[in-house]
Amino acid sequence: MIKIFRIGVFAVYCTSVAFGQARRSNEDESRVGQYTLPDVLKCADGTTVTTVADWTGKRRAEVMRLFEEHVYGKTPATPKLDAKVLSERKDALGGIATRRIVRLKMKEKPAWDGIDVMIYIPNGAKKPVPAFVGLSFGGNHAVSPDIDVPISDRWMRPTQDDTVRNSRATVRSRGKESHRWPLEMILKRGYAVVTAYYGDIEPDHTLGWKDGVRGALAEKGADTVWKDGEWGAIGAWAWGLSRMLDYAETVDAIDAKHCSVIGHSRLGKTSLWAGAQDERFAMVVSNDSGEGGAAIMRRDFGETTKIITTVFPHWFTPTYARYSDKAGDCPVDQHMLISLMAPRPVCIASAEEDLWADPKGEFLSGLNAQPVYDLFGLKGVGVKHQPAVNTPVGDVVRYHMRTGKHDVTDFDWQRYLDAADAHLKK
Ligand code: GTR
């Protein structure tokens, strides 16, 4: 009996040590260590980019390939999606907007349930309006305060509260995410919103691909082993954002040439990868995206490559896990991802208490994208050091760190709306 008890205690101890090590992270700036960032302008053949033509005609494609190969995987070409309008309401949000819900599906792959896209367009606009295109964690019914938005019946991540039961959303999840989507504020500033639940594209767990678009398209079926260079879940979610933009292009009331892609946290990593791949996105917004997003991977601060690839291996291409504990060997770092947005505007946001996402590392990727913005003669963040809290900086590349925790707040949205006013409504 005593022996069994001892074995039990030992097992719990081992598990907690292993878990503790996997989560080990540094939050002390003095212990970050030395690192050298790869030179974004240096081509594979050893030459250095000095002109816009060299960048757009040569180096940009090389950097894209490196991110495909080493971090996110390559997005395959896919059949066009069909759109079916499920509902439309002209007096949504108390009358200020028209709301449409559309299901995007692939005729060739009926097993995949498709993406239910929810669109809000301000009523009374005199001309087409730019939209913010972004995914949610909890579904359209969690984003919207409108109580006639259907509750998602797809797989949901377990929560500590009663908003999810048996991996399905409960009625308690209505409006749960609406503080992150201040629809009224966005619409009143003259922008549309195009959103969908990220789990429609692929459920967020290691076997989620089986019920998502990656599984629907995989040739080998359920026993598929994802190979180096093949896309992960972030790639799939980013693909979904582009398909949402495809649909936005068909909506007369939306100015699809001036749409922004936006995302928070893992969905911020996703919006960056979507913005890099799809240059139709006229502005790119990363809210607290952290490791694998805007944060410099070579900085040993907060979440590390080892932690993220251990806890969320399905997000990336398998190759990325090779850089656990040796991020310095990776041929890219995240300033190169930000560089892929040039000459388009990009907003990078951090939160003061969100040390896990490495606010300084997020700032440094914006700062170190400057050589590429310089080629275009554009001002980036415009400062050399991370600005104080609640002091937004930058023009084409914008950065702010607000007070508070890992989240999306009205303060963040005001910054994004200001950036869109400055660059997309000219
Ligand atoms: C964390 C993860 C982060 C971030 C976050 C989120 O657990 O370590 O990289 O993506 O989740 O998406 O909420």
Side-chain angles (χ1 to χ4, degrees), residues 19-27 71-72 134-139 142-143 155-161 163-164 173 176-177 179-181 195-206 208 212 232-238 240-241 261-275 285-317 320-321 323-325 327 330 333-334 337 348-362 365 401-402 404-409 412:
F19 190 70
Q21 277 176 354
R23 305 285 296 187
R24 185 202 70 84
S25 76
N26 170 45
E27 291 184 352
V71 185
Y72 305 109
L135 297 168
S136 71
F137 287 88
V143 166
W155 181 93
M156 296 265 162
R157 281 197 295 151
T159 53
Q160 308 281 30
D161 53 27
T163 58
V164 175
S173 60
K176 189 188 165 193
E177 220 177 329
H179 72 282
R180 288 183 175 165
W181 292 89
T195 183
Y197 170 50
Y198 81 135
D200 283 5
I201 305 161
E202 173 167 327
D204 189 4
H205 57 89
T206 41
I234 289 177
W237 299 325
L241 286 163
V261 61
I262 183 166
H264 169 60
S265 205
R266 68 198 67 185
L267 297 176
K269 311 180 206 301
T270 303
S271 69
L272 288 171
W273 184 227
V285 181
S286 151
N287 194 92
D288 305 358
S289 61
E291 185 73 20
I296 294 290
M297 71 171 90
R298 280 166 173 72
R299 271 173 58 81
D300 180 13
F301 192 100
E303 190 172 24
T304 61
T305 314
K306 181 174 186 172
I307 297 171
I308 207 168
T309 55
T310 306
V311 183
F312 305 106
H314 60 292
W315 286 358
F316 303 93
T317 199
Y320 189 44
Y323 303 109
S324 293
D325 285 333
C330 188
D333 209 316
Q334 302 308 98
L337 183 64
I348 302 170
S350 309
E352 190 183 22
E353 292 173 43
D354 186 16
L355 297 182
W356 186 244
D358 186 12
K360 185 168 180 188
E362 295 179 312
S365 68
M401 175 171 70
R402 61 159 170 78
K405 295 191 193 322
H406 186 68
D407 204 350
V408 194
T409 67
D412 295 317

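Whatever order the structure lists ligands and atoms in, that order sets their numbers, starting from 1.
Between Trp155 and His205, the ring-plane angle classifies as tilted under the 30° and 60° cut-offs.
Below 3.5 Å of separation, one finds an N or O of Lys269 facing an N or O of ligand 1. Residue contacts with ligand 1: Glu291 is placed with no nitrogen or oxygen under 3.5 Å of a nitrogen or oxygen of the ligand (distance criterion only).
Side chains of Thr304 and Glu291: a donor-acceptor N/O pair is absent below 3.5 angstrom, by distance only. Using modelled atom types, one finds no donor on one side chain facing an acceptor on the other under 3.5 Å when comparing Asp407 with Thr409.
With Ala357, Ser265, Gly302 as candidates, the residue nearest to atom 5 (C) of ligand 1 on a non-hydrogen basis is Ser265.
When the side chain to side chain contact (heavy atoms under 4.5 Å, CB included) test is applied to Glu352, the partners found at least two apart in sequence or on another chain are Val389, Met401, Thr403.
To the nearest 0.5 Å, atom CZ of residue Arg157 and atom OH of residue Tyr198 are 4.0 Å apart.
Of the heavy atoms in Glu303, only side-chain atoms (C-beta onward) come closer than 4.0 Å to ligand 1. Heavy atoms of Leu267 found under 4.0 angstrom from ligand 1: none, in either backbone or side chain.
Near His406, meaning under 4.0 Å from any of its heavy atoms, are these atoms of ligand 1: 13 (O). Each of the atoms 9 (O), 10 (O) of ligand 1 lies under 4.0 Å from some heavy atom of Trp315. Near Ile308, the atoms of ligand 1 lying under 4.0 angstrom from a non-hydrogen atom of the residue are 9 (O).
The shortest heavy-atom distance from His264 to ligand 1 is not under 4.0 Å.
Across Leu267 and Trp237, no two heavy atoms sit closer than the pair CD2-CE3, 4.4 Å. Closest heavy-atom contact between Ala294 and Ser289: N-OG, 2.8 Å.
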